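Have a look at the structure below, then the notes.
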Number of protein chains: 6
Amino acid sequence: MYELGVVYRNIKRAEREVADGLAKLGASTVHEAMGRVGLMKPYMRPIYAGAQVSGTAVTVLLQPGDNWMLHVVAEQIQPGDIVVAAVTTDNTDGFFGDLLATSFQARGARALVIDAGVRDVKTLTEMGFPVWSRAISSKGTVKATLGSVNIPVVCAGSLVHPGDVIVADDDGVVCVPAAMAKKTLEAATAREANEGEKRAKLASGVLGLDMYKMREPLEKAGLRYID
Amino acid sequence: MYELGVVYRNIKRAEREVADGLAKLGASTVHEAMGRVGLMKPYMRPIYAGAQVSGTAVTVLLQPGDNWMLHVVAEQIQPGDIVVAAVTTDNTDGFFGDLLATSFQARGARALVIDAGVRDVKTLTEMGFPVWSRAISSKGTVKATLGSVNIPVVCAGSLVHPGDVIVADDDGVVCVPAAMAKKTLEAATAREANEGEKRAKLASGVLGLDMYKMREPLEKAGLRYID
Amino acid sequence: MYELGVVYRNIKRAEREVADGLAKLGASTVHEAMGRVGLMKPYMRPIYAGAQVSGTAVTVLLQPGDNWMLHVVAEQIQPGDIVVAAVTTDNTDGFFGDLLATSFQARGARALVIDAGVRDVKTLTEMGFPVWSRAISSKGTVKATLGSVNIPVVCAGSLVHPGDVIVADDDGVVCVPAAMAKKTLEAATAREANEGEKRAKLASGVLGLDMYKMREPLEKAGLRYID
Amino acid sequence: MYELGVVYRNIKRAEREVADGLAKLGASTVHEAMGRVGLMKPYMRPIYAGAQVSGTAVTVLLQPGDNWMLHVVAEQIQPGDIVVAAVTTDNTDGFFGDLLATSFQARGARALVIDAGVRDVKTLTEMGFPVWSRAISSKGTVKATLGSVNIPVVCAGSLVHPGDVIVADDDGVVCVPAAMAKKTLEAATAREANEGEKRAKLASGVLGLDMYKMREPLEKAGLRYID
Amino acid sequence: MYELGVVYRNIKRAEREVADGLAKLGASTVHEAMGRVGLMKPYMRPIYAGAQVSGTAVTVLLQPGDNWMLHVVAEQIQPGDIVVAAVTTDNTDGFFGDLLATSFQARGARALVIDAGVRDVKTLTEMGFPVWSRAISSKGTVKATLGSVNIPVVCAGSLVHPGDVIVADDDGVVCVPAAMAKKTLEAATAREANEGEKRAKLASGVLGLDMYKMREPLEKAGLRYID
Amino acid sequence: MYELGVVYRNIKRAEREVADGLAKLGASTVHEAMGRVGLMKPYMRPIYAGAQVSGTAVTVLLQPGDNWMLHVVAEQIQPGDIVVAAVTTDNTDGFFGDLLATSFQARGARALVIDAGVRDVKTLTEMGFPVWSRAISSKGTVKATLGSVNIPVVCAGSLVHPGDVIVADDDGVVCVPAAMAKKTLEAATAREANEGEKRAKLASGVLGLDMYKMREPLEKAGLRYID
């Protein structure tokens, strides 16, 4: 349930070093390290390939076809933040374009994650300002109805509190609660450490069946081989 | 973000009288009374028309294609509860059928709200056990992976805490946070009180344009009439 | 392209007798009689089964999440009209409920066709006011932005001019341009006249293959029977 | 891969008694009895609630927007058959209406399962001819391009051979391969036999947790209860 | 409603200079300059990124799975045209490939906008022939049923008359009615002129809240800041 | 209908030379050469543009949210194979990432075609291991429930037998039954041979109307030109 018409100015952001450190691990590893939770729905796609970011969430709740609150949230951005925008109903209008991106970038925002549409994607790509969205659309919006800033929001099926860490790349968008960020960074780093060795083994032809010792549990589960 | 593998046994339910009182007001009036928030996505549909219920939420988080936790949540049901089931990923399998419904009904549950599929809908209809779901499907499920019971869940885009009030009818499903339930009941009752008078006026041919005094703001907004 | 902020008060409605006469033929027969065109997309569904209506279109263009113009269009309704509502972008909010329906019905409207959501469907059903819509949703709307009334609109993929005839039943919604309404009524009536005879033949076991003399063209097209 | 332009006249149907016996068990029980396979996708919905049928499949492959082959398949129907119609591409047009239904019914068909649209649903409902389809649409079709009859088809994601048994009800549509029909009938009947006893226990308040002895495996999987 | 089986040879195209001039402004700016109307639905996507075109519309209405009329429309193309293709029902088949593109390009067409599928996208990309479509699909089509050329069509929810101006880029596709093209070019150019200055201000850290003087209206609307 | 819990080790693959030869013809030409059948649904998209492959199918049936069988199928891969993965229900989880890709590549697999989600797409792109999938998602999977390897599967609406030839490129994915592969290669090669000549004619301005002699059949079908 959402409180409307409010802007929370003082939010507790996850520790900067932790928030920054999660970027290089990527959305999939972080999501695994949290126990396979925290992921936004896969309809959230980047407007261009290759961006990989993490940062602290500044949240905004929008009304359908109305981008007024994106101007309000701009003022609350601090360097290293990622803006997370939810809408009170499904909507694909183009809430965000190159002018707002210029403003967000000037304030130090690293990206926008928006459960709605975005436009001016060619310019945004040239600016190197990454956006994950549910749609691309020229459809303009009005400025008539209040939402809120820095309240907890549900964005693409995932609950995001202001100050949580957002990790986004070509695979999707993950939200790491601030209280779990440090532990998640450690767990994700540990996972990553193992991957090089595993990859080398698999590349040499060792099978996952043997490397992960799956043959016995598969047999117990009843798997039969037929020649 | 979800905590996995836990069952919270002691939850604080919204006041019974309030939770029960919201049913007759219906989802649309309650949603308006809260300031047009709290609504689940409209793909949530009742398996039969005409049911109108409210109750306190007992929540469960499921894994895709796995209904193990529905048996776990059954034990936590108290009379007057509505079970709210989320899944960690989009899934339309038939997690729930007539046997589980018999058990839920025996425990005093009033309904199930599930962001997934349901089956045995003919029998459920005969039993008078209402379900709001995203799909109807015969697809069976396994019992292999843990979720959780009575943690906060995001169900069909709406955040539900255990103990919140759920209101559901042919229009959809609304979640009222426990802390707001009483105020919402009052606001919704007040709204409802006015409706009879408004309806009588409109039925007599009075226009909303006049009843709501819209002609002046419309003119200010620039509306032009052309003969 | 739409003209915004205007209300056309004088529209030329299709002849009453013709508009009324199309109801009993139904959407499918009328659509065939026009040469298989004029149909709205099949996501437009009735809120209850069994309604079958026709009437003259009064059109309204709405903005996403904003039902202001539905109050404006109410004044333009004349007995025998069907209101056809389009939105400038895809939106499933509940723009219309029992109060507006009371007003529409008082003005003589026979139905609403809306490329968006509707609510209070239980009450609408009890009132016998049929609606064809893309969604059912409790989601409320605001009154902040102008659209237009009685301009040509694209509703669910079909172009509708004010005064055109709308035919709607369980199969869907068809728009018959006013200029073609009389000819379409004749053609549809003629089609219908043949159906009884055809049905009797088919019920007696005669095959469509023979009744429609399809065996030769099928053979020419290369159909082979294999025993 | 499909062979086009052919009609197989002699197909081997599953044993009549077995095919008929599966109806009363319903789609969900049959699907479980086969090991949770054989189900069509859940977008396949009945045009009216309450029908529950089984029968032997006569298959037809259609081209988009073209119902020519439905006339060809009519001749191949024998009493107790269910026609299963696939299309070479996704299409929601109304391929089937009351005239074809009259013909199918006269030939002894029990139902139509079609991965496309259907029309005249009010008349079909009055006739008591059930159809499971992906859409309802007035959109008419032409008769210009060949498909095939009684070849194996993929319908709504499920592979159907001519002569297989189709079981359909409010929960969905299942295909039982002819060779497995007898065994499936036995397994489904056995499942059903247990259900009464289970239902009685659950209705008396016994928990599935105890009835299915789930407490130990849940504990082993790591489930924790928190007071 | 569509007239079938006709080809209009003489259409009145928007002024060449105006039609050409809109390309560099792009879909989003043009859509805003028209008052936020005229936009096709956002499922229309370019087959490759970076193309930005405008031109005069030559329209064609297709039947599902049938690309016959694309050969008919080719003859009506004049240099500077963009072909706009609608289908009488939703269909994702691959109506258009490299051979038709070669022919269209030889006639002087600048692009294709098609509310259906397209194929040979790798070759089309190499040819530099841009297409905006709802799908990419290898699915072939037949040549059996008539549609029409140069009638008004509804393409992806937008009404397009022959001779209108089409503007398309990475953000989507807009249709500008011929009669409004000149005024729209002026309005869009004026919008664009302001953008540089606005961008510089925002880049320097000025907030949209101040630049657009939003603080007062936000306060009036009831926005509260909480520390 | 699917047999669960089995791995067929000895499958008969289509002739290597034929399987390899189909790659350069591409999905659209091969699909046409087979008579416009065999195509997977167009929601199957490549994770990066430009890959064009063919190979022999090794099939795997997965359970929702469970990638255990992908480790089992790895052992059955031979150089020149393409793994085709179906799921028993619609699911978009990320079943496959860079570790499995390393293993598949080490075994000689050329690609993966999966009717579900995939992750680590940036790394897969760098590795040059192409995947056609219905989704990209970080969502992890478990290893708990058996499926099968090298049984016939329905993948994205297309029936695939182990040993069939898969052809995939930017246009989509086609399955060529092993028994038809040679004939299809010949037919596709013949089609291709004609294309250069046709393209040259069309590029010179010759119309398809004349090249394909369509004017007479169009006239017979009733096409009218209006000046």
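Predicted model, so just to flag it, every value in this text is computed and none were measured. Below, chains carry the letters A, B, ... as their sequence lines are ordered, and counting in each starts from 1.
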(request) Tell me, yes or no, whether the heavy-atom count around B:E195 atom CD, taken from other residues, nucleotides or ligands under 6.0 Å, exceeds 12. (result) yes
(message) Looking only at heavy atoms and a cut-off of under 4.5 Å, which of B:T92, B:D98, B:T125 has the most pairs with chain D?
(response) B:D98
(request) Go through the atoms of D:Y212 and report whether side chain, backbone, both or neither lie under 4.5 Å from a heavy atom of chain B. (result) side chain
(message) A quick test of your reading: do over 12 heavy atoms of other residues, nucleotides or ligands sit less than 6.0 Å from NZ of D:K182?
(response) no
(request) Pick one of side chain, backbone, both or neither for D:L223, based on which atoms fall under 4.5 Å of a heavy atom in chain B. (result) both
(message) Only pairs of heavy atoms separated by less than 4.5 Å count here; which of D:D170, D:D169, D:V173 has the most with chain B?
(response) D:D170
(request) Determine, step by step, whether D:L124 and D:I47 satisfy the side-chain contact (heavy atoms from CB on, under 4.5 Å) criterion, reporting the C-alpha distance in whole Å, the side-chain angles of both residues, the deciding distance to 0.1 Å, and the verdict. (result) CA-CA 9 Å; D:L124 296 178; D:I47 58 167; 3.7 Å; yes
(message) Which one wins on heavy-atom pair count under 4.5 Å against chain B: D:K201, D:R45, D:M44?
(response) D:R45
(message) Counting heavy-atom pairs closer than 4.5 Å to chain D, which one of B:R107, B:H71, B:K143 comes out on top?
(response) B:H71
(request) Ignoring hydrogens and angles, state whether a donor on the side chain of D:S54 or D:R110 is under 3.5 Å from an acceptor on the partner side chain. (result) no
(request) Quick one: closest heavy-atom pair of B:F129 and B:A101, and the distance? (result) CD2-CB, 4.1 Å
(request) Quick one: which of D:A49, D:P217, D:G208, D:G172 has the most heavy-atom pairs under 4.5 Å with chain B, could you say? (result) D:P217
(request) Name the region of B:V72, side chain, backbone, both or neither, that has any atom closer than 4.5 Å to a heavy atom of chain D. (result) both
(request) Report the option among D:L209, D:D210, D:T29 that has the most heavy-atom pairs separated by less than 4.5 Å from atoms of chain B. (result) D:L209
(request) Taking the side chain as every heavy atom from C-beta outward, state whether D:L61 and D:T88 have any pair of such atoms under 4.5 Å apart. (result) yes
